[in-house]
Student: 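Provided herewith is a single structure, encoded as structure tokens, for subsequent inquiry.
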Number of protein chains: 2
Amino acid sequence: MPLALAATRARDAIEEDELDRIFHALADRTRRALLRRLSGGPARVSDLAAPFAMSLNAVSKHIKVLEQAGLVARDVEGRVHTCTLAADRLRHIEHWLDYYRRFWGDTLEALADYVEGER
Amino acid sequence: MPLALAATRARDAIEEDELDRIFHALADRTRRALLRRLSGGPARVSDLAAPFAMSLNAVSKHIKVLEQAGLVARDVEGRVHTCTLAADRLRHIEHWLDYYRRFWGDTLEALADYVEGER
DNA sequence: GAAATATTCAACTATATAGTTGAATATTTC
DNA sequence: GAAATATTCAACTATATAGTTGAATATTTC
């Protein structure tokens, strides 16, 4: 196998791994709720856990899943871990979706409206 | 609890269920490959399975996962099951992503370019 | 109607996941 | 330095998932 092709294959495999991790991280409503909460600003692990009817430990694990998918960043200061939304990583999904946009009818106009509105 | 609020809660729960199913369906590279393949046009179960190094049975199950997420539609004619991409359902993800667009820097221009290009 | 074809069903295995509880670690406060 | 606080680690349970093989079902072809 030519080197260039091998390199492409390797890159594709990494990309697939990333999509696996990101989609999997988002496939759980607790984790989606954590992201939503973080969209309002950084928060400590225990603050993130407070609203949920599950142990701090369980939430800590969910945060780790988000972190490994690159969707959450963690800043450790002393004993406090502060989590931040890393929304950039969602671009991978956006990019994956791009390909399929042309298969779901005419959303293009709505999209254009959205873009115009934001400008 | 007022009736209107109860109705909203129920709707939200269904929506979360749907996102769970859709994100989960996409969190597997085999299933993403199946969708990609179907984006080229409808195909029979055995045709879909052919390229994979796994049993027909395994692929049949993957198709069922996609079907239950609403991402694939099935048309049965005699013994042949023909699968079609149901990309509409991806709008749920698009919609979920919409909220986060403003958190990843300035893709808006790129998006605008994309929309202009397609028009 | 017997043989071939397309697909699912059933039963099973191995591994991953989401959750638990209790102990450990590290830091801060008194 | 003892107590309180923030978080993770370890060990465990229950359930879901991705895969397998072999049999069953339903349809089509000869």
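The basis for the numbers below is simple: all heavy atoms, side chains too, and nothing from hydrogens, waters or symmetry mates. If you're wondering where the values come from, they're calculated on a predicted model, not measured in any experiment.
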Student: Does B/K64 make a side-chain N or O approach to OP1 or OP2 of C/dT7 shorter than 4.0 Å?
Tutor: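 Negative; the distance criterion is not met.
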Student: Sequence neighbours left out, what passes side-chain hydrogen bond (donor to acceptor under 3.5 Å, both in side chains) with A/R32? Give chain and number order.
Tutor: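 Partners of A/R32 under the side-chain hydrogen bond (donor to acceptor under 3.5 Å, both in side chains) test: B/E16, B/D20.
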Student: How long is the span from the CG atom in B/L66 to the CG atom in B/L38, to the nearest 0.5 Å?
Tutor: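 Answer for the CG-CG pair, B/L66 versus B/L38, is 8.0 Å.
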Student: If a pair satisfies salt bridge (Lys or Arg N to Asp or Glu O under 4.0 Å) and one of its residues is in residues 41-57 of chain A, list it, with sequence neighbours excluded.
Tutor: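 Every salt bridge (Lys or Arg N to Asp or Glu O under 4.0 Å) pair that includes a residue of residues 41-57 of chain A, provided the two are not neighbours, is A/R44-A/D47.
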Student: If you look only at pairs with a residue in residues 50-65 of chain A, which of them pass as a salt bridge (Lys or Arg N to Asp or Glu O under 4.0 Å), with sequence neighbours excluded?
Tutor: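 Qualifying pairs, neighbours excluded: none.
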Student: So if I take residues 36-48 of chain A and measure heavy-atom distances to DNA chain D, which residues fall below 4.0 Å?
Tutor: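 DNA chain D contact set from residues 36-48 of chain A: A/R44, A/V45, A/S46.
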Student: OP1, OP2 of D/dA6 versus side-chain N and O of A/H81: anything below 4.0 Å?
Tutor: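 No, A/H81 has no side-chain N/O under 4.0 Å of OP1/OP2 on D/dA6.
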Student: With B/A50, which residues qualify under side-chain contact (heavy atoms from CB on, under 4.5 Å), at least two apart?
Tutor: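 Partners of B/A50 under the side-chain contact (heavy atoms from CB on, under 4.5 Å) test: none.
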Student: What pairs of donor and acceptor atoms, side-chain ones from residues 74-84 of chain B against any protein atom, are under 3.5 angstrom apart with sequence neighbours left out?
Tutor:
| residue | atom | partner | partner atom | Å |
| --- | --- | --- | --- | --- |
| B/R74 | NE | B/E67 | OE1 | 3.2 |
| B/R74 | NE | B/E67 | OE2 | 3.0 |
| B/R74 | NH1 | B/H81 | ND1 | 3.0 |
| B/R74 | NH2 | B/E67 | OE1 | 2.8 |

Student: Applying side-chain contact (heavy atoms from CB on, under 4.5 Å), can you list everything that pairs with A/S39, at least two apart in sequence or on another chain?
Tutor: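 So A/S39 forms a side-chain contact (heavy atoms from CB on, under 4.5 Å) with A/R36, A/L85, B/Y99, B/Y100, B/F103.
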Student: Using 0.5 Å steps for rounding, measure from the CD1 atom of A/I22 to the CG atom of B/L26.
Tutor: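 So the CD1 of A/I22 and the CG of B/L26 are separated by 12.0 Å.
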Student: Against B/L48, only a single residue in B/L56, B/I63, B/V72 fulfils side chain to side chain contact (heavy atoms under 4.5 Å, CB included); can you say which?
Tutor: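 Exactly one option meets the side chain to side chain contact (heavy atoms under 4.5 Å, CB included) with B/L48, and it is B/I63.
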Student: Taking all atoms of both residues into account, what is the closest heavy-atom pair of A/A86 and A/G70, and its distance?
Tutor: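 Answer, listing the atom of A/A86 first, then A/G70: CB-O, 3.4 Å.
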Student: Write down the protein N/O and nucleotide N/O pairs, taken from nucleotides 27-30 of chain D, whose separation is under 3.5 Å; answer none if there are no such pairs.
Tutor:
| residue | atom | partner | partner atom | Å |
| --- | --- | --- | --- | --- |
| D/dT27 | O2 | B/R79 | NH1 | 3.3 |

Student: Apply side-chain contact (heavy atoms from CB on, under 4.5 Å) to B/H24 and list each qualifying residue two or more places apart in sequence or on a separate chain.
Tutor: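 With neighbours one apart ignored, the set is A/A27, B/R31, B/V65.
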Student: Could you spell out the base pairing of DNA chain D in dot-bracket, with Watson-Crick or G-U pairs whose two distances are under 3.5 Å, [ ] crossing and | to another strand?
Tutor: ||||||||||||||||||||||||||||||
Student: Base contacts versus sugar-phosphate-only contacts with protein, heavy atoms under 4.0 Å: please encode nucleotides 16-23 of chain D as B, S and - from 5' to 3'.
Tutor: -SSBBBB-
Student: Residues two or more places apart in sequence or in another chain: which of them pass side-chain contact (heavy atoms from CB on, under 4.5 Å) with A/A33?
Tutor: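 Residues passing side-chain contact (heavy atoms from CB on, under 4.5 Å) with A/A33: A/F52.
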Student: For the pair A/F23 and A/W96, name the ring-plane relationship: parallel under 30°, tilted 30 to 60°, perpendicular over 60°.
Tutor: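 Answer is perpendicular, since the angle exceeds 60°.
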